[in-house]
Amino acid sequence: MPEWYITGGLVLGSILFLMFLSMPVAFGFLLVSFGGMYWMAGFAGMSQVAANASVAVTHFVFLPIPLFLLMGELFFNAGVARKVFDAVDTLIGQMRGRLSYVTIFGGTTFAALTGTSMGNTAMLGSLLVPEMTRRGYKKHMSMGPILGVGGLAILIPPSGLGVLLGSLAKIDIGRLLIAGVLPGLILAVLYLILIFIMIRLDPSCVPDDQPEHHSLGTKLRVIVTHILPLSIIIFMVIGLILLGIATPTESAAFGVLGVLMVAWAFGGLTWTAIVTSLTGTVKVTTMILLIVAASSTFSQLLAFSGATSGMIRAVGAVEFSPVMVVIVMFAILLFMGMFMDQASIMMLTIPIFFPIAQAQGFDLIWFGIVMLLALEMSGVTPPFGLNLFVMLGVAPRDTTMAEVARSGLPFLGCGLLLFVMLVIEPDFALYLPSLMNR
């Protein structure tokens, strides 16, 4: 058998070549995995890979994925999202540049109810960009906050990518989901501070809107009728896991039930919304399970070829401090995000990075949050961050990709600041999971 670096190079090169040919990511990984195992072990290796792939996609840990996806689909299709936006706008109606702040507050709430970054960005963009443009907000003040907060759905549960990462990396999904709560909220606060600074430095970037005054009774009614029901749903998803009352699968089921009840109460639970939500859930779940099968076979190929153990030895032989190792891996993830989607990045890096992280003595829950942060930022990294294209699709017609990318850059800086905070103080990610031990 060739040296591990030759085998690993051939495997990665083949996958990148197939991606260049526009082959679907999962099919490319499956083709390379089966071909590589046949080359090294013949038909016996191929049959073993097929058997392991079928076991991988039938594991109980994947049950939260379709449930979390269904939550998000119902949230959007039943019109609950617009109710949240209107409620937040009512509560903070007296702030200058309030729609930029509404974006952060509303987007953080959406993130805790949807679990999908692109869906969060698309919903916020379609709801807010036309109105902010009409009122005279500069483009970077309408698009930037949406690009920043849209990715919070990757960190804050219910995170579809978080469940997928925990499943592929074989770490505790419940703890990983809870670990993302505090970093996600910190990032939202950093976004609010950034918006405040941007408005102070350039007051003309937002219109001089007259403050909208709402009576205390109106605000209390909005809190009771709109905010409180959604807070209960968020508690069903996050609180039940944190308190140890429910597993991620059970909390996801409670979350779906909660969204159904709220959508019915708001009058948006139509057959069209239900059918559209179920159809979207089935499509995305099928894609995710195919990715899981492909990633499982790829991990086996790397392990069988000796590439995984070889890379761990190579990293151990280099005199890098653990901090430098995690910085290098974070930088690699950001670089890959310039050209690849998050699922592809996860499939390529999880079989390599997590064994290295374990060998370096990192807490794998903490490292999972670091990786999710990098994936969240990768959606906004030019030239091919997926959320950039989503935003371009809902932006005014004269908007260029360069303008969209520039709008997101300050918010990428907030992500880098959070990364530094996580490296300096890992408890930002590990404190809430530690409460689950009590």
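When side chains are defined from C-beta on, Val129 does not count as touching Tyr137, because their heavy atoms never get closer than 4.5 Å. Between Phe330 and Met377, the closest side-chain pair of non-hydrogen atoms falls below 4.5 Å. Residues Leu165 and Phe354 are in side-chain contact: their nearest non-hydrogen atoms beyond the backbone lie under 4.5 Å apart. At least one side-chain heavy atom of Thr103 sits less than 4.5 Å from a side-chain heavy atom of Met132. Glu376 is listed as a side-chain neighbour of Leu187, based on a closest heavy-atom distance under 4.5 Å. Residues Ser378 and Thr381 meet the side-chain proximity criterion, which asks for heavy atoms closer than 4.5 Å. The shortest distance between side-chain heavy atoms of Leu388 and Leu392 does not fall below 4.5 Å. Inter-residue side-chain proximity for Pro145 and Tyr191 is flagged as unmet; no heavy-atom pair is nearer than 4.5 Å.
With Ser100 contributing its side chain and Met141 its backbone, the two residues share a donor-acceptor pair below 3.5 Å.
Heavy atoms only, all atoms of each residue included: Ile369 and Leu155 are closest at O-CD2, 4.1 Å. Between Gly268 and Ala273 the shortest heavy-atom distance is O-CB, 3.8 Å. Heavy atoms only, all atoms of each residue included: Phe254 and Met236 are closest at O-SD, 3.3 Å. Here the shortest heavy-atom pairing between Ser167 and Ile173 reads OG-CD1, 3.3 Å. What you find for Pro183 and Ala429 is that their closest heavy atoms are CG-CA, 4.1 Å. Between Thr108 and Val149, the closest heavy-atom pair is N-CG2, 3.7 Å.
From Ile156, atom CD1 reaches atom CD1 of Ile178 across 11.5 Å, with rounding to the nearest 0.5 Å. Within the model, atoms OG of Ser434 and CD1 of Ile365 stand 12.0 Å from one another, a figure rounded to the nearest 0.5 Å. Separation of atoms CD1 (Ile104) and CG (Leu190) is listed at 10.5 Å; rounding is to 0.5 Å. The CG atom of Leu161 sits 5.0 Å away from atom CD1 of Ile154, with the distance rounded to the nearest 0.5 Å. For the atom pair CZ (Phe353) and CE (Met329), the distance works out to 6.0 Å, reported to the nearest 0.5 Å. A distance of 8.5 Å separates CE of Met421 from CD1 of Ile424, quoted to the nearest 0.5 Å.
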Criterion side-chain contact (heavy atoms from CB on, under 4.5 Å) on Thr349 and Met371, from CA distance to verdict:
CA-CA 10 Å; Thr349 56; Met371 190 166 183; 2.8 Å; yes
Check step by step if side-chain contact (heavy atoms from CB on, under 4.5 Å) holds for Leu67 and Met71.
CA-CA 6 Å; Leu67 293 172; Met71 270 186 64; over 6 Å; no
Working note: Asp427 + Trp366, criterion side-chain contact (heavy atoms from CB on, under 4.5 Å); need CA distance, chi angles, decisive distance, verdict.
CA-CA 9 Å; Asp427 275 350; Trp366 171 84; over 6 Å; no
Checking Asp172 against Leu176 for the side-chain contact (heavy atoms from CB on, under 4.5 Å) test, could you report, in this order, the C-alpha distance in whole Å, the side-chain angles of both residues, the deciding distance, and whether it holds?
CA-CA 6 Å; Asp172 190 303; Leu176 180 65; over 6 Å; no
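The aromatic rings of Phe367 and Phe362 sit parallel, their planes meeting at an angle under 30°, below the 60° perpendicular limit.
Heavy atoms from other residues, nucleotides or ligands lying under 6.0 Å from CZ of Phe196 number 12 at most.
A donor-acceptor contact closer than 3.5 angstrom is absent between the side chains of Thr276 and Asn77.
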Can you give each donor-acceptor pair under 3.5 Å made by side-chain atoms of residues 401-420, sequence neighbours left out, with the distance rounded to 0.1 Å?
residue : atom : partner : partner atom : Å
Glu403  : OE1  : Lys139  : NZ           : 3.3
Glu403  : OE1  : Thr400  : N            : 3.0
Ser407  : OG   : Glu403  : O            : 2.8

